[in-house]
**Student:** 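Sharing a structure here in structure tokens format.
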Amino acid sequence: GAVVSQHPSRVICKSGTSVKIECRSLDFQATTMFWYRQFPKQSLMLMATSNEGSKATYEQGVEKDKFLINHASLTLSTLTVTSAHPEDSSFYICSGGGGGTEAFFGQGTRLTVV
Amino acid sequence: AQSVTQLGSHVSVSEGALVLLRCNYSSSVPPYLFWYVQYPNQGLQLLLKYTSAATLVKGINGFEAEFKKSETSFHLTKPSAHMSDAAEYFCAVSGGATGGGNKLTFGTGTQLKVEL
């Protein structure tokens with residue numbers, strides 16, 4: 001299957017700072033990528049749909065000013081958690097598809113805000 | 001709109017026993033259905049998928065699932081559990097060929113425990 005690379009895998013940051021997470025499609029072009037959030041022992045909840053060359057589409061209840069998404073190329077989408085707070089601590093996962101029937105997931109990023 | 005219900009947040013089986021993880025879905029369009037496995041602090045690995053072809057789908061690691069439209073189910077089975085199968089399993093649905101791309105709606109997950 002196709003490969004989606006997500007970095008960093010783990011990050012610890014201080015409260016009030018911003019953190020950028022990268023999601024790259026290594027062997028396919030992704031006009032659309034998806035960002036999910038997973039709290040401990042819970043399922044994945046879609047946060048937003050990242051669209052190459054245009055604004056991201058956010059799910060209800062997700063603050064677009066807090067979770068900035070940029071999809072400037074067909075192989076890279078970034079999620080920036082701005083002014084992070086401890087409640088933003090979570091596992092963030094991106095996914096993309098090559099236009100087929102399957103979504104390919106990154107390895108995930110464990111964010112801890114202290 | 002789609003939704004997924006996974007019955008049983010925790011399932012425990014003995015090594016060598018049958019594994020059955022339940023998934024029921026709701027979809028307003030013909031769905032695509034997926035089972036993913038997740039190990040701690042890792043991403044998701046696709047086990048198998050249904051995309052409107054054969055209703056009995058075989059996946060990796062000996063897993064299979066059967067799409068039953070009349071029951072709106074897509075239960076995951078494996079004839080003989082192995083210790084390495086212990087993980088979190090997620091059932092997911094997408095809007096299939098009619099749209100939604102690869103955007104998935106996930107169930108709440110089932111933690112599989114395999115005992116000696």
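Letters A, B, ... are given to chains in the order of the sequence lines, protein chains preceding strands, and every chain is numbered from 1.
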**Student:** For atom NZ of A:Lys20, is the number of surrounding heavy atoms from other residues, nucleotides or ligands below 6.0 Å larger than 12?
**Tutor:** no
**Student:** What closest approach, in Å, do A:Phe91 and B:Gln38 show between heavy atoms, and which atom pair accounts for it?
**Tutor:** CE2-NE2, 3.6 Å
**Student:** Hydrophobic clustering (ILVMFWY, side-chain heavy atoms < 4.5 Å, transitive) - are B:Tyr39 and B:Leu112 grouped together?
**Tutor:** yes
**Student:** If two hydrophobic side chains count as joined below 4.5 Å and joins carry through other members, does B:Leu21 share a cluster with B:Leu47?
**Tutor:**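 Yes, B:Leu21 and B:Leu47 fall within the same hydrophobic cluster.
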**Student:** Could you tell me whether the side chain of B:Lys103 reaches within less than 4.5 Å of the side chain of A:Thr49, counting heavy atoms only?
**Tutor:** yes
**Student:** Does A:Ile93 share a hydrophobic cluster with A:Trp35, counting links as ILVMFWY side-chain heavy atoms below 4.5 Å and allowing steps through other members?
**Tutor:** no
**Student:** Answer with side chain, backbone, both or neither: which region of B:Gln111 has an atom nearer than 4.5 Å to a non-hydrogen atom of chain A?
**Tutor:** neither
**Student:** Need one label for B:Leu44: side chain, backbone, both or neither, based on atoms under 4.5 Å from any heavy atom in chain A.
**Tutor:**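 Interface part for B:Leu44: both.
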**Student:** Using side chain to side chain contact (heavy atoms under 4.5 Å, CB included), reason through A:Phe34 and B:Leu104 one step at a time and then give a plain yes or no.
**Tutor:** CA-CA 9 Å; A:Phe34 301 97; B:Leu104 299 177; over 6 Å; no
**Student:** Check for me, please, whether B:Val37 and B:Val114 land in the same ILVMFWY cluster - side-chain distances under 4.5 Å, paths through other members count.
**Tutor:**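 B:Val37 clusters together with B:Val114.
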**Student:** Does a side-chain heavy-atom distance below 4.5 Å link B:Leu46 with A:Phe104?
**Tutor:**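 No, their side chains stay 4.5 Å or more apart.
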**Student:** Does A:Ser43 reach the main-chain N or O of B:Gly107 with its side chain, forming a donor-acceptor pair under 3.5 Å?
**Tutor:** yes
**Student:** If you group Ile, Leu, Val, Met, Phe, Trp and Tyr by side-chain heavy-atom gaps below 4.5 Å, do B:Phe67 and B:Ile60 land in one group?
**Tutor:**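 Same hydrophobic cluster.
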**Student:** Side chain, backbone, both or neither: which part of A:Gln38 has a heavy atom under 4.5 Å from chain B?
**Tutor:**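 It is the side chain, since no backbone atom gets that close.
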**Student:** Does a side-chain heavy-atom distance below 4.5 Å link B:Tyr36 with A:Leu44?
**Tutor:** no
